[in-house]
Amino acid sequence: MGLYPVIMCGGAGTRLWPASRPSRPKQFIPLSGNRSLFQETALRVAPLAEDGGRLIVVGGKAHRQAILDQLAEIGIEAQVLLEPEPRDSAAAMAAAAAWTEARDAAGVNVFVASDHHIPDHEGFRAAVTRGAEAAADGRIVTLGVRPTEPSSAYGYIAPEGTDLSPVAAFVEKPDRAAAERYIAGGYLWNSGNFIARANVLLSELRAEAPAVEAAARASLPDDGAVVADLGPGFLAAPKISIDYAVMEKTTRASVLAVDFAWSDLGAWDAVAATGEGDLGAFVFEDAEGCMARACDGVMVAAIGVRNLAIVVERDAVLVCDLSRSQDVKKVVERLKLASPLHLDFQDARAESLTVGAERLARWLRLRALPLWSELVWSASEGFAEGLTLDGRRSPAPARPGSLARLARAFAEAGDLGWGGPWNARLAAAITASGGAGAGDLRDQADRMIALMQTRAAAPSEAAGLIARAAGMDRHPVDSGRLADLGLFAIERGAAEPPALSQVMAASEGDYATGRLFDWAWLRAREASLLRRPDAGALAAALYRRGLDAVDPRRGLALEAAAPGRAQNRRARLRTQAHWLRAALALAELTEGPERARYVADAGRALTALWRFLNDDGLWFETVLEDGQPIEEVASAAALGDILGALRQMHRSAAICFPGGVAPGLA
């Protein structure tokens with residue numbers, strides 16, 4: 001029997017404002033010690049999966065980075081399923097159960113909230129192990145905590161017997177008088193932890209809430225990714241909790257009474273009661289029963305006060321009598337009208353593709369192109385291979401490939417209508433590169449594309465190169481199409497990409513991720529311009545193979561995609577540019593949710609590309625595993641890669657940007 005713990009990361013809550021907000025809910029902040037509640041939960045349940053199971057985390061797409069970063073900090077690996085939007089606990093649990101059932105027909109899920117405080121890890125795991133035995137026999141077990149006080153903050157469970165027994169009734173949060181009666185009657189606090197065989201839970205959902213079960217199955221990813229987005233089918237699930245969907249109706253419900261300390265830390269008084277709620281810098285003078293939490297750079301001082309929670313964030317301060325902690329939600333309701341900007345942190349959202357594209361175009365026009373056109377070129381010495389990070393020319397002259405890509409970059413800038421000495425620099429780069437026969441076929445392709453885009457720079461040589469390329473092409477295309485196809489014509493004649501079976505075979509060795517994305521882009525352009533569906537299918541397969549090398553936590557496409565072997569953990573600028581270009585080209589071939597995924601990938605790739613660029617118009621070529629860039633000469637060739645990616649954004653504007661126009665690109 002494999003155990004598959006499932007950490008449920010849904011819900012933001014309002015009672016722990018201003019520290020907890022939608023973009024940073026309470027499970028991802030330290031409330032009772034130095035680790036977050038999510039991290040404490042992962043450490044508590046991960047050992048349960050060591051005997052043939054797997055830890056699963058279900059959370060929202062908005063919290064992807066927090067989940068991955070916090071798991072990495074504590075050295076725990078997990079299968080991560082990301083909801084497109086929250087649909088309450090029933091749908092999230094159903095998705096995790098469906099994922100488990102597909103891999104282990106007898107797998108038992110242990111569903112736990114990510115934001116509960118349970119300091120006794122061993123006691124918790126012992127209770128789960130006992131409950132899992134009953135779950136393996138077909139019961140759906142919940143853990144009922146023996147109450148320590150008559151609380152109105154929790155729901156209650158009426159057991160039919162003692163220890164592990166069937167459930168007689170589930171009871172909503174009562175008032176204090178009713179809570180006292182429940183405790184006298186042997187009721188237990190409903191902890192919200194559930195243990196069930198995956199196929200049993202799905203069967204009960206199919207009987208009691210079939211739309212939930214169907215939506216969860218339809219949303220499961222089929223690519224085996226460790227960090228996977230649940231598909232759009234998930235949105236069809238009704239918003240319903242597991243209590244209403246199954247637990248209050250099923251005849252399989254059992255409750256196991258437990259005695260370990262437990263709290264859902266639902267308000268500031270509960271946080272203070274742990275004795276570990278203080279955070280940051282504070283000084284108390286004659287202050288009793290108080291808790292202070294200060295963000296970085298802020299000092300809290302309190303004199304002569306009693307029983308207060310003082311919570312300071314960079315944009316908001318809460319001072320609250322701990323006995324009134326439940327009323328924080330009233331303040332949040334008033335903020336919806338009085339100051340909605342304070343309901344969330346304003347810098348929480350990632351930059352959109354539209355904003356990032358505009359910023360990249362502005363950076364190229366105002367920083368990179370003027371800098372490189374002046375500093376990399378010298379009338380007496382010609383073009384340098386690159387620039388140091390303080391803007392000095394490298395001593396090495398530019399190689400033919402670098403000259404070809406520089407030429408193409410200048411041609412792209414001129415073709416976009418940007419003012420500058422692009423034709424003059426293009427002509428100089430073509431002359432310096434040695435003419436039509438210099439360099440390998442790929443260099444000639446870059447030169448050919450550059451010349452076709454700006455024929456006025458060297459019309460006679462342009463004609464010769466175009467004729468040479470067209471003669472090598474296996475598919476007759478006119479020169480205009482050849483310009484759009486980029487490297488396709490030369491690639492077909494010179495270096496046919498391997499068959500997909502070769503790429504996927506571990507015995508074939510390493511494939512640079514940038515090459516996989518480059519091939520994917522070429523085939524996508526071939527499919528688009530020559531209307532060849534087979535090329536589109538190959539493009540998508542090559543692209544998926546490249547995605548295997550995208551680090552889900554850092555968001556960078558790593559340098560090598562090596563089937564069956566450890567990844568090269570370095571990341572290169574060129575790879576991010578090729579990823580961006582391929583995602584956009586594939587978006588043009590698709591529709592609906594598939595197109596949306598490619599556009600989202602393009603946004604991720606653009607964010608990754610920005611990790612390499614600096615404000616001066618220069619860039620780092622390589623970033624190491626620890627996130628630090630290597631201080632090395634910035635290659636002139638990379639300018640062509642960056643402008644090539646921007647050019648593809650220009651081509652794809654109709655499907656990627658509002659109104660079909662990319663700001664800053666027209």
Side-chain angles (χ1 to χ4, degrees), residues 5-17 19-22 24-33 35-45 57-59 63 86 88-89 92-93 110-121 123-124 127-128 142-157 170-176 179 182-183 187-195 241-244 247 255-277 291 293 309 311 320 322-329 332:
V6 182
I7 302 177
M8 312 285 288
C9 290
T14 59
R15 292 181 176 87
L16 292 179
W17 182 89
S20 173
R21 308 194 205 180
R24 193 188 68 185
K26 69 174 184 174
Q27 57 263 37
F28 298 120
I29 57 180
L31 290 175
S32 58
R35 296 191 184 97
S36 72
L37 294 175
F38 169 73
Q39 289 175 314
E40 288 292 343
T41 302
L43 290 167
R44 184 170 66 250
V45 304
V57 177
V58 183
H63 303 136
D88 217 322
S89 59
M93 291 171 66
V110 182
F111 298 97
V112 298
S114 61
D115 57 356
H116 289 184
H117 177 59
I118 303 175
D120 184 0
H121 290 193
F124 175 84
V128 166
T142 184
L143 302 183
V145 179
R146 290 192 176 93
T148 58
E149 60 180 339
S151 173
S152 59
Y154 305 136
Y156 287 75
I157 300 173
F170 289 91
V171 181
E172 293 291 337
K173 296 176 182 178
D175 57 28
R176 185 173 181 84
Y182 293 155
I183 291 177
Y187 285 39
L188 306 167
W189 282 338
N190 186 349
S191 73
N193 297 283
F194 301 94
I195 309 165
S241 72
I242 197 65
D243 287 352
Y244 289 129
M247 297 307 293
V255 60
L256 175 63
V258 297
D259 292 302
F260 50 70
W262 168 84
S263 171
D264 69 354
L265 297 188
W268 287 119
D269 58 343
V271 175
T274 69
E276 299 179 284
M291 180 192 74
R293 298 177 62 86
V311 184
C320 169
L322 284 168
S323 67
R324 300 285 301 276
S325 294
Q326 295 292 330
D327 291 339
V328 171
K329 63 180 180 181
V332 173

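Here, residue 1 is the first one in the sequence, and each next residue gets the next number.
No side-chain heavy atom of Thr41 sits less than 4.5 Å from a side-chain heavy atom of Gln27. Under the 4.5 Å side-chain criterion, counting only non-hydrogen atoms from C-beta, Ile195 is in contact with Leu143.
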Walk me through whether Tyr156 and Tyr187 qualify under ring pair (Phe, Tyr, Trp, His ring centres under 6.0 Å). CA-CA 6 Å; Tyr156 287 75; Tyr187 285 39; 7.0 Å; no

side-chain hydrogen bond (donor to acceptor under 3.5 Å, both in side chains) for Asn193 and Ser191? Distances and angles first, verdict last. CA-CA 6 Å; Asn193 297 283; Ser191 73; 2.9 Å; yes

Apply ring pair (Phe, Tyr, Trp, His ring centres under 6.0 Å) to the pair Trp262 and His116, showing each step before the final yes or no. CA-CA 7 Å; Trp262 168 84; His116 289 184; 5.5 Å; yes

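Around CZ of Arg324, the count of heavy atoms belonging to other residues, nucleotides or ligands within 6.0 Å does not exceed 12. In Tyr244, the OH atom is not crowded: 12 or fewer heavy atoms of neighbouring residues, nucleotides or ligands sit closer than 6.0 Å.
Atom CZ in Arg15 sits 10.5 Å away from atom OG in Ser325 (nearest 0.5 Å). Atoms OG1 and CG, from Thr142 and Leu256 in turn, are 9.5 Å apart once rounded to the nearest 0.5 Å. Note: Asp259 CG to Arg146 CZ = 4.0 Å, rounded to the nearest 0.5 Å.
Closest approach of Gly155 to Lys173, counting heavy atoms only: N-CG, 3.8 Å.
The aromatic rings of Tyr154 and Trp189 sit perpendicular, their planes meeting at an angle over 60°, well past the 30° parallel limit.
Remark: the Ser32 side chain and the His117 side chain contain an N/O donor-acceptor pair separated by less than 3.5 Å.
Between the Ser152 side chain and the Arg176 main chain, no donor and acceptor come within less than 3.5 Å of each other.
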